[in-house]
Each structure stands twice: as C-alpha cells, then as structure tokens.
There are 4 protein chains.
Amino acid sequence: MGDSRFAAPAAAAPAHAKRERRKQARPGELLDAALELFVEKGFAATRSEEVAARAGVSKGTLFLYFPSKEELFKAVVRENISGRFPEWNQAFEHFEGTTAEMVRNCLRIWWERVGTSKASGIGKLIMSEARNFPDLAAFCQQELVEPCEQLICRILQRGIERGEFRPVDLQYTAYNIMGAMVFLINMKHSLGACLPLDQQLDPERFIASQAEILLHGLRVRCDEPAGGCPRP
Amino acid sequence: MGDSRFAAPAAAAPAHAKRERRKQARPGELLDAALELFVEKGFAATRSEEVAARAGVSKGTLFLYFPSKEELFKAVVRENISGRFPEWNQAFEHFEGTTAEMVRNCLRIWWERVGTSKASGIGKLIMSEARNFPDLAAFCQQELVEPCEQLICRILQRGIERGEFRPVDLQYTAYNIMGAMVFLINMKHSLGACLPLDQQLDPERFIASQAEILLHGLRVRCDEPAGGCPRP
Amino acid sequence: MGDSRFAAPAAAAPAHAKRERRKQARPGELLDAALELFVEKGFAATRSEEVAARAGVSKGTLFLYFPSKEELFKAVVRENISGRFPEWNQAFEHFEGTTAEMVRNCLRIWWERVGTSKASGIGKLIMSEARNFPDLAAFCQQELVEPCEQLICRILQRGIERGEFRPVDLQYTAYNIMGAMVFLINMKHSLGACLPLDQQLDPERFIASQAEILLHGLRVRCDEPAGGCPRP
Amino acid sequence: MGDSRFAAPAAAAPAHAKRERRKQARPGELLDAALELFVEKGFAATRSEEVAARAGVSKGTLFLYFPSKEELFKAVVRENISGRFPEWNQAFEHFEGTTAEMVRNCLRIWWERVGTSKASGIGKLIMSEARNFPDLAAFCQQELVEPCEQLICRILQRGIERGEFRPVDLQYTAYNIMGAMVFLINMKHSLGACLPLDQQLDPERFIASQAEILLHGLRVRCDEPAGGCPRP
DNA sequence: AATGAATGAGGATTCATTCAT
DNA sequence: CATGAATGAATCCTCATTCAT
C-alpha cells in the first residue's frame, strides 16, 4: 500500500536530484505524519504545525503540498483506503482449501497487512470524524465498508454452498467479523493505547479466537469440529 | 439514567418553585446537550456556546456550573457511565431461565436501555477522545469495559457450569459480544448516521443475529434446541 | 453626517445602561477608526488589531461587530457615502441668489462639511482600492460620483438657463470641479500629508481660486461683475 | 521612457548575445510588471511572486535584481518619474505660437506621452502609497509635482506677460490643470477601470475640454475667444 | 443567578525572503 | 545566473473564559 503514491518518474534528473527526491517523498511523509496525529488526537485537536514537525518540515511547507488542513485530512483518508480490495478479492478467488481456512486466513492477513500498520488507525479516525466530513463518510462506506462486507459475504456463501457452513444471514454474519475487527482496532488506537501493556489484549490470540467463535457459530453439526466437513 | 444525578431535595421550597426546579435541572440539561454535541462533532470541534445554546442558556451560565469545557467533558463521561452495572449484575443474579435466554436478554435490554438512548453515544465519544483524556480512559476501562466484560463472563460461566455451553475462552468470547455492541454503536453514531435510512442496519435484527451466531457456537449439541438444554 | 448611524433607541433600558451605550457606539467607533487607518495606510497594509486598538477595544471585539476585515471595509465605505446627496440637492433647490454664488457655496459647503471631516478620506480610499473591490467601485460610482456630477450639472444648467453662464459642455465642466475636489482631497490625504505645513496648500484659497477661474470662464460678458448678471 | 534605463553597452558580446540581452532587459521587465501590478492592486496586495510571474521569471530571480519588495517599489517609482521635465521645459522654451496653443499642446502631449502609457499609473500609485513611503512622497513632490507646477506656472506667466491671459494666482491656477490630470488618471486606473466601456470618459475630449475651460477662465475680455489676443 | 460584551491566547494560513541545487 | 523548495514571521480570525451589569 502507498508504495505507488506520488510515484516519482523512474529516472530522476541528475541535477536537483536530492531536492527532487525530497519533493517526491514529502507528500507521503506528511500524510503519514498526519495519519498518526489525527488518529492519536483527532482532526480538530491536531495542530497543523505538529503534523509538519513530525514530518520534519516547517509549518509553511505543509501548505505547499496541501491547500488546507481539511484537504490534508481528506487526502489522508483517501490515501489510506485506496482500493486494496480488488487484489484481496482475487486472492480468495482461487483459494483451494476449506472455507474455514479462508476465514482464518482472511483475518490473519488483514491483521498482518493492515492491523499492524499505521493504516489501521484510519478506522478509528473515520468513526471519530465521519459526522464532521459527511462526504468522506460516503466515500468510506463505498470504498471500505461495502467491499469488506462483500468479500466476507462471498466467503460465507462459498462455505454454505460447499456444505461447510450452515445457512445463515450473510450480511449480519459478516458484521460479526467486522465487529471483531472494529473492536480490535479501537482497542489498539483508543482505550487500549491508554492501558498498561499487560492489560492490553493479544491481537494474535484475539484474531484466532474470534475466528473460532464464528466458525463454531457456523458449524453444521455440533459434534463436528468447527469448520464443518466439506461435502464429499 | 440521569434520574438520580444532582438529586434535588425531595420537597422543593414552595416559593421560587419553578425557578428552583430549573436551577436544579440545569446541570443535567447542560450535560445532555454536551453529550449530544460531543458525540456528534467531537470534543475539540464543539464550541461551548453551542452547548449552552442547545441547553437553552447563555454562554456564561455554562461556566457557572462547570469550571471549564474540559471539566464539562469529564462530567459528561462520568455521568453517562456512572454505575449502572451494580443493578444490572443484580438483574442477572436471580435470573431463572436458560443461559441462552440470559444472553439474548442481556443484549436486548442493553439495546433498549442504553443503545436507543443518548447515552449510547458515550461509547463512540470515548473511543474518539480516549487518548486526549487518559485519566478518563482509565476511568472508563474500570467503570465500563471491565464491569461489562465481567458481567458477560459470569453469564458465559453460568452457561458452561450448567452444561448449556461448551467450554470456551471466557474473556475473548466476551469480546465477541462487546465487539458487536461497539459495531452497533458506531454504526448508529458515526458512519451509519451519514447513510440514507434504507441503508442503515436494523438494530433488532443485528442484536438477534449476533446472539444466534454466538449461541449456536456455544451449544453443546446441535440437535438440542438453540440455547442448549438445561441439565435435569 | 453619520450622526444617526446605528441610532440607539431613544430611551435605553435603565439596567445595562452603560454597557448598552457602549455597544451601540462600538460599530461607529470602529468604523471611524477603520476609515482613518484605511485612508492612512490602505486596506491591505492596515492590521485589524490596529483598527481595534484605535477604537479602544481588543482584536476580538472587532470581529464581534464585523465578520471579517473585508466586511469592515465595505461597511466603512457604505457608511461614509450613504446618501448625503438628497439633502444637498434640496439645499440648492430653493436657492435664491446668483448661480455663481451657488457654485461658490457648493464648493465651500462641501469643504466644510466633507473636506474637513474624516469622511473626506473616503475619496482617496476608493481611488486606491477600487480595483480590489469592484462591487464597491460600482456602488461608489452610483452613490457618489454620479449624484455629484448631476448636482453640479444642474447648477451649471441653471446658470446657463438664466443667462448667467455661457453655454458649455455640462458634463466635462462638472469634471473640472470634481477634478479640483479630487486634487484637494488627495493633497490632504496623500502627498500633502507628507509635506511640511508651510508647503501645504491652503484649502480656502484653493477653493476660492478654482471657483473664480471657472466662473470667469463661464461669464457671458467680462465687464459684468464676476458671476454674471442675471437676465433682466 | 524606459529607453535609457539600465542602458546596455552599445555592442554586446557576440556570444551569449541573446542571453545577455535578456539579462540586460530583466530589470526593466520586472519594473514594468511591478508597475502594472502595483497600480492595479496596490503595493501590499501585490505578491512578489505575481510580479516575477508577469515578468516571466521565477520568484528567486526577482530578488536577484532587487533586494526587497520595498526596494522594488522604490525603483518602480523612481524609474517612472525620472526627469522628463528638463526636456519638456526645453520643448517649451523655444515655442513660438500663442500661449493658449502651448497650454493645449502641453496637455495633449502629456496625454500622448504619459497618459496613454503604463507610466500613467504612477500617479495613482503614489497617491495610494505616499503615506506608507514618506521618503518617496518627498521625492515625488520634488521630481514630479514641483517641476510640473513650475512648468505650468511658466507657461501661464508667459501668457500673462504677453497679454494673452489676465493676471491670475499662478500656483493655484496651475492646480486647476493638475487637478484635471489627476482626475483623468484616476478615472483611468481606479473607478473608471471598473466601469463598463460606454460609461468611461473620453480622454481626448476630456483633455480638450479642460484646456478650453482653463483658457476661458484666463481670457482677458469675455467677448474675445479663449486664449486672448497676443499683444501687437 | 443569568447574561452577553469583552478579552487575548492560540491556531490556520500567507508570503517575503533565503539558499541548495 | 536561475530556480523553486523551504522557511517562519506576520496576520486574520476563533473561541474558551471572565466579569460588569
């Protein structure tokens, strides 16, 4: 993610090389700094100067790249949401194993790729600021929530079709997983961030346990192990 | 909720009765107004004057009751968290039915009593502001998260002890329920509040489906009716 | 002029009397301070805080009365232009003497009433800022330039009709008088303000001499006393 | 005007010829751009970058030629005032015709040479900024106003001496013409610039009519045509 | 007790000026 | 020489808080 943003021309001019490289990197550095601070303190409570300072530049420079604090915020959100779902969908298109495995994988990969990265904060950020930026809320709903919901629904559907899962309300079952994700994100960036380390929850264990809870809730027969036995 | 706060003397002086009643009610009205606005826009983006206006008083009056915006915020949080759990715990102390029924009841009652009230916003509010008010975060952890977690754990424990539920990781299973609550609250006060009505999720259906998924996963045997069969 | 602006209700409430009186006076005081400073330094080079300071209030107070520096500017212009012409027109409606006397009176009264007041600066101000505030320019053209032009034309017309003046190009003759006014205003507020006192021009003498040049040029016969002889 | 400023060596080195020519021309191009913009928007409201852009160079280059915006401003004024009067004075030294003709010529030539050029804006500029640059004001008074006044006075003197004009207050009569010039300049660069074309005054006609008004005011006998009859 | 006019510290934003390339 | 990225002082404006009425 973010690797391709503001992509510099492959071959930079030999002169101005250093400055040019800085210039190419600036927006990304500012977005990263802004993301961190907005997640930490919220949009209104973050001073533009802090963002600049954390990105290692001065106040004025920030406004060279983003015309206003508000536009910076929008850029932060857009940048950190930008379509990761197409590749994800594909990843699961050709999956061969059991659907239970898909569910477990899905959560594990999400945690590795998103949850442990700075981008995980975007979730908390949006929840906090959605009502102050309604157009961004709509954007997130379309680009983040709905694709996520659909991906999960497709996985659940596959499990049901293959007889691994009992038939359930797809949408609201997807919300079960999404609720777990939201909970984890919030524990990481809100309350949890204020807790002493030994009281914080263990993300790996959390991910694993939530998957198992769901899979148990989906099993066809109770004496089977969670994840069901695919039809012969 | 809120019924007992700043409890007025049972019998008001007959003279000045109305004014007296207003005066007694002021702090509560301000807290309500503040809660609404803080949930809507966040702490920093809410102007004290707006709070006063929504409570129907003037700017100056707000500061008669709360020494600063920050203290107002803390009062809002404390007010809306303050020990509802003792009574809740009791409510479940003497419960007679199946544990599955307890779980369903617990969620349903929570939704009715808290979820549909203004106080539901406190959850979103804390998630947004926790890191700006670490002492409040600790307070919430103690007064809100832990009691909630414990209450759920006790219910789950009961189910396991009575053979209704298979043995599970109590804490992380509790988190599954809490995740659902958090998700619901957030859909109500953040993203969901920006969605057209027909796209918003149905809270009753959400509550019911989350309970069923969990309970199905907890059942000891699938041929038993949902919620397991209490031991003879 | 300006005496009636933001007119306070004749009888102020007995309570809050002092503050109320201040409040009523504030906008006028701010407008006066702003006019002075804008004339002195120009719009862009005047800091809002200076305006506030000269009006004896703090920065914040200024914005209590005018939503922005730009609105303050517009108010200053409108305030100092607002229809003084109707009464002027009337003043000359019923004039009995020679038209030469009218011309002299007109200039003399203008100088006394406007030229020596702060409002005289408005002319310089508009010339300086017209292109930055095109809508104000249009307003001034309508409310200031055109009425002035028309008033002078009517006077000249009277002189011609009564045989006191030779027939002339009304409009461009009016401009000659207006040019004198503009010159005088500019000498007072621009270059002249930077000159040592003994080099500054004498307004009375200026007014008188401009009138005499014009009137001499307008006379029908030179052996008549200046100002021509009304037809028998 | 501008022809002799920063005069380049008559023969440029053959190599780098073009670049050299550019380099020599730079300051002049910057001064022209600056003049235009300062006249249009005023000193404070003009951004240095705009000046550079209009001159077709970059921000940095501007400061290569002028150490500060303020110095640029002073250079603009000096450049556009620089002694044209000596030659003008001479031009009229050996004039043969009637003095009325001199007056008419003087205005016509001024309009052609100055009024229609960019340099005409300098008048408006100085009026607007005099008080912010008192030393420039003094400079203009000496180099612009006084020479102008003196030139006109000498012309009037000649007319009087030759019996073409009646005796008048030389200085204040000179102001009559100067007022007309100021008025015309202001109509061109301030209010007039905001007016629809069909409402703008006609400079040729204005010049002609102002001359006639003055000459009528100077005539010795009213039954003579303006301009009087030179003594035999 | 209640008001709302006044304050001024604080934060977003602009822009003259510098300097590495 | 020329550039334009970077800077930070300066300025507009907001809003929590005070206090005279």
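Fair warning: this is a prediction, and the values are worked out from it, not measured in the lab. Letters A, B, ... mirror the listed sequences (proteins, then strands); counts begin at 1.
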Interatomic distance, [X] [atom1] vs [N] [atom2] [rounded to whole Å]:
{"X": "D/Leu62", "N": "E/dT18", "atom1": "CG", "atom2": "P", "value": "11 Å"}
{"X": "A/Glu70", "N": "E/dT13", "atom1": "CD", "atom2": "P", "value": "8 Å"}
{"X": "D/Leu72", "N": "E/dT17", "atom1": "CG", "atom2": "P", "value": "10 Å"}
{"X": "C/Leu30", "N": "F/dC12", "atom1": "CG", "atom2": "P", "value": "14 Å"}
{"X": "A/Glu50", "N": "E/dG10", "atom1": "CD", "atom2": "P", "value": "14 Å"}
{"X": "A/Leu37", "N": "E/dG11", "atom1": "CG", "atom2": "P", "value": "14 Å"}
{"X": "D/Phe73", "N": "E/dA16", "atom1": "CZ", "atom2": "C1'", "value": "16 Å"}
{"X": "C/Glu49", "N": "E/dG8", "atom1": "CD", "atom2": "C1'", "value": "9 Å"}

Under 3.5 Å, is there a donor-acceptor pair between the side chain of A/Asn80 and the main chain of A/Ile122?
no

Donor-acceptor contact present, side-chain B/Thr46 to main-chain B/Leu37, <3.5 Å:
yes

With respect to the side chain of [X], which nucleotide from [options] is positioned closest?
{"X": "B/Thr61", "options": "E/dG4, E/dA2, F/dA2", "answer": "E/dA2"}
{"X": "D/Lys69", "options": "F/dT18, E/dT17, F/dA5", "answer": "E/dT17"}
{"X": "C/Phe63", "options": "F/dA6, F/dC13, F/dA16", "answer": "F/dC13"}
{"X": "C/Arg26", "options": "E/dA6, F/dT7, E/dT17", "answer": "E/dA6"}

Does F/dA6 have OP1 or OP2 under 4.0 Å away from a side-chain N or O of A/Ser58?
no

N or O in side chain of B/Tyr65 less than 4.0 angstrom from E/dA1 OP1/OP2:
no

Does the base of E/dG11 carry an N or O that pairs as donor and acceptor with the side chain of C/Lys59 under 3.5 Å?
no

Identified pairing partner of E/dT21, criterion: Watson-Crick or G-U wobble below 3.5 Å
F/dA2

With a 3.5 Å limit on both atom pairs, tell me what F/dA16 is paired to, counting Watson-Crick and G-U wobble, or say none.
E/dT7

Here's a test of your reading of the structure: between D/Leu64 and A/Leu64, which maps to the more 5' nucleotide of DNA chain E?
A/Leu64

Comparing nearest nucleotides in DNA chain E, the 5'-proximal residue of the pair A/Ser48, D/Ala45 is A/Ser48

For B/Glu129 and B/Lys124: C-alpha separation, side-chain torsions, deciding distance, then whether salt bridge (charged side-chain N to carboxylate O under 4.0 Å, His left out) applies.
CA-CA 9 Å; B/Glu129 306 293 342; B/Lys124 184 210 161 186; over 6 Å; no

Between B/Phe73 and B/Phe66, ring centroids under 6.0 Å:
no

Ring center gap for A/Phe133 and A/Phe139 short of 6.0 angstrom:
no

For C/Phe43 and for A/Gly56, locate the closest nucleotide of DNA chain F by heavy-atom distance; then report the residue assigned to the nucleotide nearer the 5' terminus.
A/Gly56

